Protein chains: 2
Amino acid sequence: MFSKACEYGIKAAIFIALKSYQGERVSLKDIAAKIDSPEAFTAKILQKLAKNDIVDSIKGAAGGFEIEKHKIASIQLAKIVDAIDGDSIYIGCGLGLNKCSEDHPCPVHHKFASVREELKKMLESTNLEELALGIKSGASYLKT
Amino acid sequence: MFSKACEYGIKAAIFIALKSYQGERVSLKDIAAKIDSPEAFTAKILQKLAKNDIVDSIKGAAGGFEIEKHKIASIQLAKIVDAIDGDSIYIGCGLGLNKCSEDHPCPVHHKFASVREELKKMLESTNLEELALGIKSGASYLKT
DNA sequence: CTTAAACAGGACAAAATTGTCCGAATTAAT
DNA sequence: ATTAATTCGGACAATTTTGTCCTGTTTAAG
């Protein structure tokens, strides 16, 4: 469904949000360990998230990643997915047709529409705060 | 959402169904041209569909691919997807956790459940016959 | 000022996916 | 029998995705 990069990005963002919520800044090393991802690859993804204003990166000793507390609740899953995988998940044709629209649909166009719509709604209505709280409360997990 | 291989596989199956419905057998060359796919790559995919008993392949001159008429309506999209991409789309975790279940869910487990369920229902309730008829009637297209 | 901890980013490497080529086997038609 | 049309399948190649490494830069702390 999502690329590995996107999976790591979502998990990293959730972990950073969780820690930022508690006033802590986290290092790449920490993140990779807690979400069980390859460190250097995760670094690249965090750069993307930083460039898309989803996380703040602070250089130097005692540096790391954080998200401003007041922003956590306003960052939707959709924003993260879009930053990493782009919008193909919303707009692309399910069968890869170059031109696939209402008046030139692929065979599964209408069948897919509702699934895609549901996915879109889900991504747009889910924010980092609730996901971080799920981890904090032990209701959900970031690895294994 | 689906791999390229799966996209080609679905389109190929629809085209073969359409022609079989009209009593015609089709060649690889024909298929690739009509669904706008790379010929040799499509050949590999058709082999998979044949091994999974979704299409019949007939060797030799005047050979080609076909689907027994009476089977067309009973072949669900899900069967094709499963033959090519496997079942990861149904059972895999949205965030790539090795172990993701009701009592050890990833952060988006429950949010994803409904989307995945909708996708599954869609794939299981859509069969080749209706897709082929959509092409036949001009209601949908296999390329561009 | 020096050092150590951290991120940035370019170059590289590995793996997976996508795609190509070609010889072998099969079969219908002549 | 020979030929031509066709699929099969193995080996290979290109591309994309995933992942690693190393050097440089920034910054806090001693």
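Owing to the predicted nature of the structure, the values given are computational and were not obtained by experimental measurement. Residue numbers begin at 1 in each chain, while the letters A, B, ... track the order of the sequences.
B:Arg25 places a side-chain N or O within 3.5 Å of a backbone atom of B:Ala62 that can act as its donor or acceptor partner. Formation of a donor-acceptor pair under 3.5 Å by the A:Ser20 side chain with backbone atoms of A:Gly23 is not found in this model. The main-chain N or O of B:Glu129 is found under 3.5 Å from a side-chain atom of B:Asn127 such that the two form a donor-acceptor pair.
Checking each of B:Asp36, B:Ile35, B:Ile16, B:Leu131 against B:Lys11 for a side-chain contact (heavy atoms from CB on, under 4.5 Å) leaves exactly one that passes, namely B:Ile35.
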Exercise. Could you encode protein contacts along nucleotides 24-30 of chain D as a string, one character per nucleotide from 5' to 3', using B for base contact, S for sugar-phosphate-only contact and - for no contact, with a heavy-atom cut-off of under 4.0 Å?
Key: --BBS--

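A salt bridge links A:Glu7 with A:Lys4: the closest approach of a Lys/Arg side-chain nitrogen to an acidic carboxylate oxygen falls below 4.0 angstrom.
Interface limits on DNA chain C: the 5'-most and 3'-most nucleotides within less than 4.0 Å of chain B heavy atoms are C:dT18 to C:dA28.
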Enumerate, atom names and distances included, each donor-acceptor pair closer than 3.5 Å involving a side-chain atom of residues 134-144 of chain A, sequence neighbours excluded.
from: A:Ser137; atom 1: OG; to: A:Leu133; atom 2: O; distance (Å): 3.2
from: A:Ser137; atom 1: OG; to: A:Gly134; atom 2: O; distance (Å): 3.2
from: A:Ser137; atom 1: OG; to: A:Ala139; atom 2: N; distance (Å): 3.3
from: A:Lys143; atom 1: NZ; to: A:Ala33; atom 2: O; distance (Å): 3.1
from: A:Thr144; atom 1: OG1; to: B:His104; atom 2: NE2; distance (Å): 3.2

What donor-acceptor contacts under 3.5 angstrom involve side-chain atoms of residues 72-96 of chain A, with partners at least two apart or in another chain?
from: A:Ser74; atom 1: OG; to: A:Lys71; atom 2: O; distance (Å): 2.8
from: A:Asp85; atom 1: OD1; to: A:Ser3; atom 2: OG; distance (Å): 2.6
from: A:Asp85; atom 1: OD2; to: A:Ser3; atom 2: N; distance (Å): 3.1
from: A:Asp85; atom 1: OD2; to: A:Ser3; atom 2: OG; distance (Å): 3.4

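For the 3.5 Å distance criterion, the side chains of A:Glu118 and B:Ser114 qualify, holding a donor opposite an acceptor.
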Exercise. Would you please test A:Glu130 and B:Lys111 for side chain to side chain contact (heavy atoms under 4.5 Å, CB included) and show each step?
Key: CA-CA 11 Å; A:Glu130 54 181 315; B:Lys111 302 260 178 186; 3.0 Å; yes

Quiz item: Between A:Phe112 and B:Phe2, does a ring pair (Phe, Tyr, Trp, His ring centres under 6.0 Å) hold up when you go through it step by step?
Solution: CA-CA 12 Å; A:Phe112 252 85; B:Phe2 298 132; 5.6 Å; yes

Practice problem: Walk me through it: do B:Asp56 and B:Phe65 pass the test side chain to side chain contact (heavy atoms under 4.5 Å, CB included)? | Solution: CA-CA 6 Å; B:Asp56 294 319; B:Phe65 298 87; over 6 Å; no

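Per the geometry, CG belonging to B:Asp30 stands 13 Å off C1' belonging to D:dA5, to the nearest Å. Taking atom CD on A:Glu7 and atom P on D:dT18, their separation rounds to 9 Å, with Å as the unit. Rounded to an integer number of Å, the gap from B:Gln47 CD to D:dT6 P is 17 Å. Between B:Lys29 atom NZ and D:dA5 atom C1' there is a gap of 10 Å when expressed in whole angstrom units.
Among the atoms of the strands shown, only primed sugar atoms or phosphate atoms (P, OP1, OP2) are found under 4.0 Å from some heavy atom of B:Lys51.
The side chain of A:Tyr8 places an N or O atom within less than 4.0 Å of a non-bridging phosphate oxygen (OP1 or OP2) of D:dG19.
Closest heavy-atom contact between A:Tyr21 and A:Lys69: O-CE, 3.3 Å. For A:Cys100 against A:Cys106, the heavy-atom pair with the smallest separation is SG-N, 3.4 Å.
Contacts of residues 13-23 of chain B with DNA chain D (heavy atom under 4.0 Å): none. Residues from residues 31-46 of chain A that place a heavy atom under 4.0 Å from any atom of DNA chain C, listed by number: A:Lys44.
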